[in-house]
Amino acid sequence: MSGTAGDVIRIAKGEVGYHEGYSGGHWTNKQKYSPAVPGLEWSQNQAWCATFASWCFQEAGMPKGSYPVTASCALGVSWWKQQKRFSEYPAIGAQVFFGPGGGSHTGLVYAYDATYIYTVEGNTNSSGSAEGDGVYLKKRLRRDPYVYGYGYPAYPGGIVTADPAWKNPAPAAKGGTTSPQEDDMPTPADVWKADVIPAAAPPYNNGDYATNKQWTAGYALGSAVLTGRKVEAKVDALTKKVDALAVGGVDLDALAKKVATTPGLAEAIASRVADLIAARLAD
């Protein structure tokens, strides 16, 4: 199956490191994407972030008419809104728009968590400029006012999104077509047996999650899991120290016999050990 979010992301990431032309001491906006997208040949030597997104959709095998073919970010926003596929929440494989009205810059989202979106962007640079020199991976704050919104392609099987009003596809493990994302709440058994926790680690300071019961429950579980793992790690460390004592030549059998035959010694040692463990766990 072609034209999936994974295909778009793969195509986009494959271009990371590509640079536009350079002449006379300046970047020229001359690149390979404009001539390769039918209808956008005229955009050569113009700002090309939106052209790059159109090219990625095209090369990923998405059907014509299922994405905007434009060199204009503003027209891209308008197209997604007309399709009623525009949201203020990120999604995997979504086209993200930046600046006032979304008209300054655009890119493609390959991941997101509670705090950041992770994107592939054309015509940017290491500082994230809207007029750059190549294709870069970027990490941007979700709540940055510069982030305007997201266009949602109609991917086969649906789109994985943080939008609580948008139905996500079921993960592959549950009979769906996508890999589990942060919305897929693991059970306690999943956590300990398969080492699965929600994608975004606590603490969660994004207000989106307070209104979604599934996310709230999943993230509460994630917090408990992380706490449990810390305790487990400390217990393992103490166990290793006890093992090290035995390896170091301490006769634990003789010590145990002495404890058993000395009145009050077992209680005293138990109390001291409990105090030490409590102090270590509190560190």
Side-chain angles (χ1 to χ4, degrees), residues 3 5 8-9 11-12 15 18-21 27-60 62-110 112 116-125 127-155 159 161-163 165-166:
V8 171
I9 292 168
I11 292 294
E15 297 301 300
Y18 175 83
H19 290 281
E20 64 186 42
W27 297 103
T28 65
N29 275 329
K30 185 175 183 179
Q31 29 65 39
K32 66 181 183 179
Y33 307 111
S34 292
V37 180
L40 294 185
E41 296 89 349
W42 64 268
S43 67
Q44 184 65 282
N45 301 315
Q46 307 294 319
W48 51 277
C49 56
T51 300
F52 173 71
S54 296
W55 180 87
C56 289
F57 290 135
Q58 170 186 285
E59 295 302 301
M62 292 190 64
K64 292 182 178 180
S66 66
Y67 58 90
V69 179
T70 178
S72 166
C73 295
L75 289 179
V77 170
S78 178
W79 191 93
W80 289 116
K81 287 185 175 181
Q82 288 174 4
Q83 303 301 312
K84 300 187 184 304
R85 301 191 67 85
F86 196 83
S87 173
E88 62 181 12
Y89 294 87
I92 306 300
Q95 184 175 5
V96 58
F97 294 89
F98 303 98
S104 298
H105 184 54
T106 188
L108 297 168
V109 178
Y110 69 86
Y112 66 88
Y116 297 100
I117 55 172
Y118 304 86
T119 61
V120 186
E121 300 172 22
N123 196 30
T124 189
N125 55 25
S127 63
S129 170
E131 183 57 67
D133 56 66
V135 181
Y136 291 77
L137 295 177
K138 306 305 298 180
K139 174 182 175 182
R140 298 181 183 270
L141 286 168
R142 276 180 59 170
R143 290 301 183 185
D144 191 324
Y146 186 55
V147 179
Y148 178 71
Y150 306 83
Y152 286 6
Y155 290 122
I159 190 168
T161 169
D163 191 335
W166 200 281

Side chains of [X] and [Y] in contact at under 4.5 Å (non-hydrogen atoms):
X	Y	value
C73	C49	yes
V120	L137	yes
L40	W55	no
Y112	Y89	no

Would the distance check show the side chain of [X] and the main-chain N or O of [Y] forming a donor-acceptor pair, the cut-off being under 3.5 Å?
X	Y	answer
R142	V147	no
R85	Y152	yes
Q58	A36	yes
K138	I117	no
W48	N45	no

- prompt: Can you list the residues that meet the side chain to side chain donor-acceptor pair (under 3.5 Å) rule with Y118, with sequence neighbours excluded?
  reply: D113
query: Residues in side chain to side chain donor-acceptor pair (under 3.5 Å) with E41, at least two apart?
result: none
query: Please walk me through it: do N29 and Q46 pass side chain to side chain contact (heavy atoms under 4.5 Å, CB included)?
result: CA-CA 6 Å; N29 275 329; Q46 307 294 319; 5.8 Å; no
Set of residues satisfying side-chain contact (heavy atoms from CB on, under 4.5 Å) with respect to [X], sequence neighbours excluded:
X	answer
E88	none
L75	T70, S72
W79	P68, Q83

message: Run the salt bridge (Lys or Arg N to Asp or Glu O under 4.0 Å) test against K139 and tell me which residues pass, sequence neighbours left out.
response: none
- prompt: What pairs with E15 under salt bridge (Lys or Arg N to Asp or Glu O under 4.0 Å), at least two apart in sequence or on another chain?
  reply: K32
Just jot down the ring-ring contact (aromatic ring centres under 6.0 Å, His included) partners of [X], sequence neighbours excluded, or say none.
X	value
F52	Y33
Y148	F86
Y146	F98
Y116	none

If you take all heavy atoms of [X] and [Y], which pair is closest and at what distance?
X	Y	result
P153	A94	CD-CA, 4.0 Å
M62	Y67	O-CE2, 3.7 Å
S54	V69	OG-CA, 3.6 Å
A91	I159	CB-CD1, 3.7 Å
P90	Y150	N-CE1, 3.5 Å

Report the distance from atom [atom1] of [X] to atom [atom2] of [Y], rounding to the nearest 0.5 Å.
X	Y	atom1	atom2	value
L108	I11	CG	CD1	11.5 Å
T161	I92	OG1	CD1	9.0 Å
T28	H19	OG1	NE2	12.5 Å

task: Give the intermediate values and the outcome of side chain to side chain contact (heavy atoms under 4.5 Å, CB included) for residues V135 and N123.
output: CA-CA 6 Å; V135 181; N123 196 30; over 6 Å; no
- request: Compute whether any side-chain donor of one residue and acceptor of the other, for S129 and T124, lie under 3.5 angstrom apart.
  value: no
task: State whether a side-chain donor-acceptor pair under 3.5 Å links N125 with S127.
output: yes
- prompt: Which residue pairs pass the side chain to side chain donor-acceptor pair (under 3.5 Å) test when at least one of the two sits in residues 98-109, sequence neighbours left out?
  reply: Q95-T106, H105-E121
